[in-house]
There are 2 protein chains.
Amino acid sequence: MKRVKKKLFSDFIAQKGLKSTRQRDTILEFFLASDRHMSIEELYLKVRAKHPNIGYATVYRTLKLFAEAGLAREIQFGDGQTRYEHVNEGEHHDHLVCTRCGTIVEFENPVIEKLQDEVALSHGFLIETHKMELYGLCPKCRK
Amino acid sequence: MKRVKKKLFSDFIAQKGLKSTRQRDTILEFFLASDRHMSIEELYLKVRAKHPNIGYATVYRTLKLFAEAGLAREIQFGDGQTRYEHVNEGEHHDHLVCTRCGTIVEFENPVIEKLQDEVALSHGFLIETHKMELYGLCPKCRK
DNA sequence: TTGTTTATGAAAATCACTTTCACTGACTGG
DNA sequence: CCAGTCAGTGAAAGTGATTTTCATAAACAA
Ligand SMILES: [Mn+2]
Ligand SMILES: [Mn+2]
Ligand SMILES: [Zn+2]
Ligand SMILES: [Zn+2]
(Lines give C-alpha, C1' and ligand atoms only; values in the text may rest on other atoms or scores of the structure.)
(Ligands and ions follow the chains in the order given, each with its own letter.)
Protein backbone atom coordinates (compact mmCIF):
# COMPACT_ATOMS: atom_id res chain seq x y z
CA MET A 1 0.00 0.00 0.00
CA LYS A 2 2.65 2.46 1.04
CA ARG A 3 4.85 0.95 -1.60
CA VAL A 4 2.21 1.52 -4.22
CA LYS A 5 1.78 5.14 -3.18
CA LYS A 6 5.51 5.76 -3.20
CA LYS A 7 5.73 4.30 -6.66
CA LEU A 8 2.84 6.46 -7.76
CA PHE A 9 4.62 9.54 -6.49
CA SER A 10 8.01 8.74 -7.96
CA ASP A 11 6.37 8.04 -11.31
CA PHE A 12 4.63 11.39 -11.08
CA ILE A 13 7.90 13.11 -10.23
CA ALA A 14 9.66 11.47 -13.14
CA GLN A 15 6.91 12.10 -15.64
CA LYS A 16 6.81 15.78 -14.67
CA GLY A 17 10.56 16.19 -14.89
CA LEU A 18 10.75 17.10 -11.19
CA LYS A 19 13.46 16.04 -8.81
CA SER A 20 13.42 13.41 -6.14
CA THR A 21 14.61 14.95 -2.90
CA ARG A 22 15.21 13.84 0.66
CA GLN A 23 12.56 16.29 1.84
CA ARG A 24 9.86 14.95 -0.46
CA ASP A 25 10.61 11.40 0.54
CA THR A 26 10.50 12.29 4.21
CA ILE A 27 7.25 14.20 3.93
CA LEU A 28 5.64 11.39 1.95
CA GLU A 29 6.73 8.96 4.64
CA PHE A 30 5.06 11.05 7.33
CA PHE A 31 1.98 11.69 5.26
CA LEU A 32 1.46 7.98 4.62
CA ALA A 33 1.86 7.28 8.32
CA SER A 34 -0.50 10.06 9.33
CA ASP A 35 -4.09 10.31 10.43
CA ARG A 36 -6.44 10.56 7.57
CA HIS A 37 -7.19 14.28 7.90
CA MET A 38 -4.12 16.36 8.67
CA SER A 39 -3.74 20.09 8.47
CA ILE A 40 -0.53 21.39 6.93
CA GLU A 41 0.52 22.65 10.33
CA GLU A 42 -0.09 19.30 12.00
CA LEU A 43 1.93 17.40 9.45
CA TYR A 44 4.63 20.05 9.56
CA LEU A 45 4.95 19.68 13.32
CA LYS A 46 5.23 15.90 13.08
CA VAL A 47 7.87 16.12 10.39
CA ARG A 48 9.63 18.91 12.22
CA ALA A 49 9.98 16.84 15.37
CA LYS A 50 12.29 14.41 13.58
CA HIS A 51 13.65 16.69 10.88
CA PRO A 52 14.09 20.18 12.32
CA ASN A 53 15.62 21.38 9.10
CA ILE A 54 12.54 20.93 6.93
CA GLY A 55 10.59 24.14 6.45
CA TYR A 56 6.88 24.83 6.51
CA ALA A 57 6.94 26.01 2.89
CA THR A 58 8.32 22.70 1.75
CA VAL A 59 5.62 20.74 3.55
CA TYR A 60 3.04 23.09 2.08
CA ARG A 61 4.40 22.72 -1.44
CA THR A 62 4.84 18.98 -1.15
CA LEU A 63 1.25 18.44 -0.03
CA LYS A 64 0.10 20.33 -3.12
CA LEU A 65 2.25 17.98 -5.16
CA PHE A 66 0.66 14.96 -3.49
CA ALA A 67 -2.73 16.31 -4.45
CA GLU A 68 -1.59 16.85 -8.02
CA ALA A 69 -0.20 13.34 -8.11
CA GLY A 70 -3.53 11.96 -6.96
CA LEU A 71 -2.21 10.78 -3.59
CA ALA A 72 -4.01 13.35 -1.50
CA ARG A 73 -7.09 15.53 -1.55
CA GLU A 74 -7.52 18.94 0.00
CA ILE A 75 -10.46 19.24 2.35
CA GLN A 76 -11.97 22.13 4.21
CA PHE A 77 -14.08 21.58 7.31
CA GLY A 78 -14.78 25.21 7.93
CA ASP A 79 -12.40 25.55 10.84
CA GLY A 80 -10.10 27.77 8.80
CA GLN A 81 -7.48 25.09 8.23
CA THR A 82 -6.87 23.26 4.98
CA ARG A 83 -6.54 19.55 5.52
CA TYR A 84 -5.21 16.79 3.31
CA GLU A 85 -6.66 13.31 3.26
CA HIS A 86 -5.50 10.09 1.67
CA VAL A 87 -6.90 9.18 -1.69
CA ASN A 88 -7.32 5.59 -2.76
CA GLU A 89 -7.94 4.70 -6.36
CA GLY A 90 -11.64 4.42 -7.11
CA GLU A 91 -12.74 5.31 -3.60
CA HIS A 92 -14.99 8.13 -2.56
CA HIS A 93 -16.46 9.01 0.80
CA ASP A 94 -18.01 11.85 2.75
CA HIS A 95 -17.65 12.91 6.37
CA LEU A 96 -19.30 13.04 9.74
CA VAL A 97 -17.61 15.69 11.87
CA CYS A 98 -17.98 15.98 15.64
CA THR A 99 -18.47 19.63 16.52
CA ARG A 100 -17.19 19.08 20.04
CA CYS A 101 -14.09 16.90 19.80
CA GLY A 102 -13.31 17.13 16.12
CA THR A 103 -13.53 13.41 15.45
CA ILE A 104 -14.03 12.66 11.79
CA VAL A 105 -15.80 9.55 10.54
CA GLU A 106 -15.91 8.63 6.89
CA PHE A 107 -18.89 7.08 5.20
CA GLU A 108 -20.03 6.02 1.78
CA ASN A 109 -23.60 6.06 0.60
CA PRO A 110 -24.16 5.20 -3.04
CA VAL A 111 -27.87 5.95 -2.79
CA ILE A 112 -27.20 9.53 -1.76
CA GLU A 113 -24.56 9.86 -4.46
CA LYS A 114 -27.06 8.71 -7.04
CA LEU A 115 -29.68 11.16 -5.81
CA GLN A 116 -27.14 13.96 -5.97
CA ASP A 117 -26.51 13.16 -9.61
CA GLU A 118 -30.23 13.25 -10.27
CA VAL A 119 -30.60 16.61 -8.55
CA ALA A 120 -27.74 18.02 -10.62
CA LEU A 121 -29.19 16.59 -13.79
CA SER A 122 -32.62 18.04 -13.10
CA HIS A 123 -31.02 21.47 -12.87
CA GLY A 124 -28.94 20.96 -15.98
CA PHE A 125 -25.65 20.90 -14.09
CA LEU A 126 -22.72 18.74 -15.08
CA ILE A 127 -21.20 17.75 -11.73
CA GLU A 128 -17.46 17.66 -11.23
CA THR A 129 -17.21 17.19 -7.49
CA HIS A 130 -19.32 17.48 -4.44
CA LYS A 131 -18.98 18.00 -0.75
CA MET A 132 -21.18 16.54 1.94
CA GLU A 133 -20.46 16.87 5.61
CA LEU A 134 -22.71 16.07 8.52
CA TYR A 135 -21.87 18.03 11.67
CA GLY A 136 -22.97 17.01 15.13
CA LEU A 137 -21.99 15.13 18.26
CA CYS A 138 -20.15 11.84 18.03
CA PRO A 139 -21.23 8.93 20.23
CA LYS A 140 -18.66 9.82 22.90
CA CYS A 141 -19.58 13.48 23.05
CA ARG A 142 -23.30 12.76 23.27
CA LYS A 143 -22.93 11.29 26.73
CA MET B 1 -41.61 39.41 4.97
CA LYS B 2 -39.09 42.18 5.44
CA ARG B 3 -41.28 43.48 8.20
CA VAL B 4 -41.18 40.11 9.92
CA LYS B 5 -37.41 39.96 9.69
CA LYS B 6 -37.01 43.45 11.03
CA LYS B 7 -39.25 42.60 13.95
CA LEU B 8 -37.23 39.46 14.55
CA PHE B 9 -34.04 41.48 14.67
CA SER B 10 -35.35 44.25 16.90
CA ASP B 11 -36.69 41.63 19.30
CA PHE B 12 -33.28 39.98 19.31
CA ILE B 13 -31.61 43.32 19.97
CA ALA B 14 -33.97 44.09 22.81
CA GLN B 15 -33.76 40.69 24.39
CA LYS B 16 -29.97 40.80 24.33
CA GLY B 17 -29.79 44.28 25.80
CA LEU B 18 -28.09 45.61 22.68
CA LYS B 19 -28.72 48.96 21.11
CA SER B 20 -30.69 49.82 18.04
CA THR B 21 -28.53 51.97 15.79
CA ARG B 22 -28.85 53.70 12.44
CA GLN B 23 -26.04 51.54 11.09
CA ARG B 24 -27.69 48.28 12.04
CA ASP B 25 -30.97 49.37 10.51
CA THR B 26 -29.25 50.43 7.32
CA ILE B 27 -27.26 47.23 6.99
CA LEU B 28 -30.34 45.12 7.66
CA GLU B 29 -32.18 47.04 4.96
CA PHE B 30 -29.44 46.30 2.44
CA PHE B 31 -29.10 42.71 3.54
CA LEU B 32 -32.81 42.08 3.08
CA ALA B 33 -32.67 43.65 -0.37
CA SER B 34 -29.58 41.69 -1.39
CA ASP B 35 -28.90 38.64 -3.49
CA ARG B 36 -29.14 35.46 -1.57
CA HIS B 37 -25.42 34.80 -1.20
CA MET B 38 -23.42 37.93 -0.44
CA SER B 39 -19.86 38.18 0.74
CA ILE B 40 -19.14 40.70 3.47
CA GLU B 41 -17.20 42.79 0.98
CA GLU B 42 -20.06 42.78 -1.54
CA LEU B 43 -22.59 43.91 1.00
CA TYR B 44 -20.15 46.46 2.36
CA LEU B 45 -19.69 47.98 -1.09
CA LYS B 46 -23.43 48.22 -1.66
CA VAL B 47 -23.98 49.86 1.70
CA ARG B 48 -20.96 52.05 1.21
CA ALA B 49 -22.30 53.44 -2.05
CA LYS B 50 -25.19 55.08 -0.23
CA HIS B 51 -23.67 55.48 3.22
CA PRO B 52 -19.98 56.29 2.83
CA ASN B 53 -19.64 56.71 6.56
CA ILE B 54 -20.37 53.09 7.49
CA GLY B 55 -17.24 51.06 8.08
CA TYR B 56 -16.32 47.55 7.02
CA ALA B 57 -16.00 46.43 10.62
CA THR B 58 -19.57 47.43 11.34
CA VAL B 59 -20.89 45.46 8.37
CA TYR B 60 -18.80 42.52 9.46
CA ARG B 61 -20.04 42.67 13.05
CA THR B 62 -23.63 43.25 12.04
CA LEU B 63 -23.70 40.22 9.76
CA LYS B 64 -22.50 38.11 12.68
CA LEU B 65 -25.38 39.52 14.68
CA PHE B 66 -27.85 38.61 11.94
CA ALA B 67 -26.56 35.06 12.05
CA GLU B 68 -26.92 34.99 15.83
CA ALA B 69 -30.42 36.35 15.52
CA GLY B 70 -31.32 33.59 13.08
CA LEU B 71 -31.78 35.93 10.13
CA ALA B 72 -28.71 34.85 8.24
CA ARG B 73 -26.42 31.90 7.85
CA GLU B 74 -22.73 31.92 7.12
CA ILE B 75 -21.71 29.87 4.12
CA GLN B 76 -18.39 29.00 2.65
CA PHE B 77 -18.07 27.92 -0.97
CA GLY B 78 -14.35 27.42 -0.85
CA ASP B 79 -13.48 30.60 -2.74
CA GLY B 80 -11.93 32.13 0.35
CA GLN B 81 -14.83 34.50 1.03
CA THR B 82 -17.39 34.08 3.75
CA ARG B 83 -20.91 34.60 2.46
CA TYR B 84 -24.18 35.19 4.25
CA GLU B 85 -27.48 33.88 3.00
CA HIS B 86 -31.04 34.53 4.08
CA VAL B 87 -32.65 32.17 6.53
CA ASN B 88 -36.38 31.58 6.47
CA GLU B 89 -38.13 29.88 9.34
CA GLY B 90 -38.50 26.17 8.71
CA GLU B 91 -36.71 26.24 5.40
CA HIS B 92 -33.60 24.37 4.47
CA HIS B 93 -31.78 23.95 1.20
CA ASP B 94 -28.44 22.97 -0.29
CA HIS B 95 -26.49 24.33 -3.23
CA LEU B 96 -25.37 23.69 -6.75
CA VAL B 97 -22.36 25.86 -7.54
CA CYS B 98 -21.04 26.56 -11.02
CA THR B 99 -17.27 26.27 -11.00
CA ARG B 100 -16.95 28.49 -14.03
CA CYS B 101 -19.28 31.45 -13.55
CA GLY B 102 -20.09 31.17 -9.85
CA THR B 103 -23.84 30.83 -10.31
CA ILE B 104 -25.51 29.35 -7.27
CA VAL B 105 -28.72 27.35 -7.47
CA GLU B 106 -30.57 26.24 -4.38
CA PHE B 107 -32.34 22.93 -4.09
CA GLU B 108 -34.21 20.89 -1.53
CA ASN B 109 -34.29 17.14 -1.47
CA PRO B 110 -36.08 15.57 1.49
CA VAL B 111 -35.08 12.06 0.44
CA ILE B 112 -31.39 12.93 0.67
CA GLU B 113 -31.97 14.67 3.97
CA LYS B 114 -33.63 11.59 5.34
CA LEU B 115 -30.79 9.37 4.18
CA GLN B 116 -28.30 11.71 5.79
CA ASP B 117 -30.10 11.33 9.09
CA GLU B 118 -29.98 7.58 8.72
CA VAL B 119 -26.26 7.64 8.01
CA ALA B 120 -25.66 9.78 11.06
CA LEU B 121 -27.82 7.56 13.20
CA SER B 122 -26.04 4.43 12.06
CA HIS B 123 -22.77 5.97 13.25
CA GLY B 124 -24.24 7.13 16.53
CA PHE B 125 -23.97 10.82 15.66
CA LEU B 126 -26.49 13.41 16.73
CA ILE B 127 -26.61 15.78 13.78
CA GLU B 128 -26.78 19.52 14.29
CA THR B 129 -26.21 20.79 10.78
CA HIS B 130 -24.95 19.59 7.49
CA LYS B 131 -23.47 20.93 4.34
CA MET B 132 -23.98 19.61 0.85
CA GLU B 133 -22.71 21.33 -2.23
CA LEU B 134 -22.56 20.01 -5.76
CA TYR B 135 -19.89 21.68 -7.88
CA GLY B 136 -19.89 21.62 -11.65
CA LEU B 137 -20.92 23.46 -14.78
CA CYS B 138 -24.26 25.24 -14.96
CA PRO B 139 -26.42 24.87 -18.09
CA LYS B 140 -25.00 28.07 -19.57
CA CYS B 141 -21.38 27.17 -18.99
CA ARG B 142 -21.80 23.67 -20.42
CA LYS B 143 -22.28 25.04 -23.89
C1' DT C 1 -30.11 66.55 30.50
C1' DT C 2 -26.73 63.45 32.31
C1' DG C 3 -24.41 59.47 33.13
C1' DT C 4 -23.43 54.91 31.80
C1' DT C 5 -22.76 51.57 28.55
C1' DT C 6 -22.67 49.86 24.02
C1' DA C 7 -21.48 50.87 19.10
C1' DT C 8 -18.65 52.61 15.55
C1' DG C 9 -14.72 53.49 12.26
C1' DA C 10 -9.95 53.67 11.22
C1' DA C 11 -6.16 51.43 11.80
C1' DA C 12 -3.46 47.76 13.58
C1' DA C 13 -3.16 42.88 14.39
C1' DT C 14 -4.06 38.00 13.14
C1' DC C 15 -4.18 33.95 10.66
C1' DA C 16 -3.37 30.80 7.28
C1' DC C 17 -1.48 30.50 3.63
C1' DT C 18 1.56 31.91 -0.62
C1' DT C 19 5.44 33.91 -2.88
C1' DT C 20 10.16 35.63 -3.12
C1' DC C 21 14.96 35.10 -3.25
C1' DA C 22 19.61 33.72 -2.24
C1' DC C 23 21.59 29.51 -1.53
C1' DT C 24 21.45 24.11 -2.08
C1' DG C 25 21.63 20.05 -3.94
C1' DA C 26 19.76 16.77 -7.84
C1' DC C 27 20.80 15.15 -12.15
C1' DT C 28 23.07 15.25 -16.80
C1' DG C 29 26.35 14.70 -20.34
C1' DG C 30 31.11 15.14 -21.02
C1' DC D 1 33.81 11.18 -11.77
C1' DC D 2 32.72 16.29 -12.14
C1' DA D 3 31.29 20.51 -13.39
C1' DG D 4 27.32 22.98 -15.06
C1' DT D 5 22.45 23.71 -15.01
C1' DC D 6 18.25 24.10 -13.19
C1' DA D 7 14.79 22.71 -9.91
C1' DG D 8 14.22 22.62 -4.71
C1' DT D 9 14.59 24.52 -0.18
C1' DG D 10 14.06 27.52 4.00
C1' DA D 11 13.64 31.94 6.05
C1' DA D 12 11.42 35.76 5.61
C1' DA D 13 8.40 38.89 3.43
C1' DG D 14 3.86 39.45 1.26
C1' DT D 15 -1.24 38.57 0.76
C1' DG D 16 -6.07 38.70 1.52
C1' DA D 17 -9.71 38.13 4.39
C1' DT D 18 -11.02 38.70 8.42
C1' DT D 19 -10.80 40.08 13.50
C1' DT D 20 -9.49 43.02 17.24
C1' DT D 21 -8.15 47.37 19.40
C1' DC D 22 -9.02 51.84 20.98
C1' DA D 23 -10.41 56.57 21.05
C1' DT D 24 -14.64 58.75 20.04
C1' DA D 25 -19.67 58.84 19.24
C1' DA D 26 -24.30 57.53 19.96
C1' DA D 27 -28.10 55.06 22.56
C1' DC D 28 -31.03 55.12 26.22
C1' DA D 29 -32.10 54.79 31.22
C1' DA D 30 -32.73 57.73 35.08
MN1 LIG E 1 -19.25 11.96 -1.64
MN1 LIG F 1 -29.59 20.29 3.35
ZN1 LIG G 1 -16.91 14.14 19.65
ZN1 LIG H 1 -21.84 28.76 -14.93
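These numbers come from a predicted model, not from an experiment. Proteins come first, then strands; the chains are lettered A, B, ... in the order of their sequence lines, and each starts at number 1.
Using a 4.0 Å cut-off on heavy atoms, the residues of residues 38-60 of chain B that approach DNA chain D are B/I40, B/Y56, B/A57, B/Y60, listed by number. Against DNA chain C, the stretch residues 6-15 of chain A makes no heavy-atom approach under 4.0 Å. Residues from residues 64-71 of chain B lying near DNA chain C, meaning a heavy-atom separation below 4.0 Å, are absent.
The hydrophobic cluster containing A/I127 also contains B/V105, counting ILVMFWY residues as joined when their side-chain heavy atoms lie under 4.5 angstrom apart, directly or transitively.
Other residues, nucleotides and ligands contribute at most 12 non-hydrogen atoms within 6.0 Å of the NZ atom of B/K46. Counting non-hydrogen atoms of neighbouring residues, nucleotides and ligands closer than 6.0 angstrom, the CZ atom of B/R100 reaches no more than 12 such neighbours.
Cluster note: B/L126 groups with A/L137 through ILVMFWY side-chain heavy atoms spaced under 4.5 Å, whether in direct contact or through intervening members. Hydrophobic cluster of A/Y135: the remaining members, joined at side-chain heavy-atom separations below 4.5 Å, are A/I75, A/F77, A/V97, A/I104, listed by chain and number.
Protein chain A contacts DNA chain D from D/dC6 to D/dA11, reading 5' to 3' and using non-hydrogen atoms of the protein with a distance under 4.0 Å. For DNA chain C, the contact window with chain B, defined by any atom under 4.0 Å from a protein heavy atom, covers C/dT5 to C/dA10 in 5' to 3' order.
If you look at B/H130 and B/H92, their ring centroids are closer than 6.0 Å. Aromatic ring centroids of B/F66 and B/Y84 lie 6.0 Å or more apart.
Summarising the geometry, atom CG belonging to A/L63 is positioned 10.5 Å from atom CG belonging to A/L71; distances are rounded to the nearest 0.5 Å. Here the CG-CD distance, from B/D94 to B/E108, works out to 9.0 Å after rounding to the nearest 0.5 Å. B/D79 contributes atom CG, which lies 7.0 Å from atom CD of B/Q76 (distance to the nearest 0.5 angstrom).
By the side chain to side chain donor-acceptor pair (under 3.5 Å) test, A/R73 pairs with A/E85, sequence neighbours left out. Residues meeting the side chain to side chain donor-acceptor pair (under 3.5 Å) test with B/K5, sequence neighbours left out: B/N88.
Side-chain atoms of B/E41 and B/Y56, non-hydrogen and from C-beta on, do get closer than 4.5 Å to each other. Using a 4.5 Å heavy-atom cutoff, the side chains of B/S34 and B/H86 are in contact.
Pairs engaging residues 61-71 of chain A under the side chain to side chain donor-acceptor pair (under 3.5 Å) rule: A/K16-A/E68 [sequence neighbours left out].
Positionally, the nearest nucleotide of DNA chain D for A/T62 lies more toward the 5' end than for the other of B/L18 and A/T62.
Nucleic acid contact class of B/R61 (heavy atoms, under 4.0 Å, all strands): base.
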Only distances under 3.5 Å count here; give the side-chain donor-acceptor pairs of residues 20-33 of chain B to other protein atoms, sequence neighbours excluded, each with its distance to 0.1 Å.
unit_1: B/T21; atom_1: OG1; unit_2: B/R24; atom_2: N; d: 3.1
unit_1: B/R24; atom_1: NH1; unit_2: B/K19; atom_2: O; d: 2.7
unit_1: B/T26; atom_1: OG1; unit_2: B/R22; atom_2: O; d: 2.9
unit_1: B/E29; atom_1: OE1; unit_2: B/K6; atom_2: NZ; d: 2.8
unit_1: B/E29; atom_1: OE2; unit_2: B/K6; atom_2: NZ; d: 3.2

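Using five terminal pairs a side, the axes of the helix from C/dT1-D/dA30 to C/dG30-D/dC1 at its two ends make an angle of 20°, given in steps of 10 degrees.
A side-chain donor-acceptor contact under 3.5 Å links B/H37 and B/H95.
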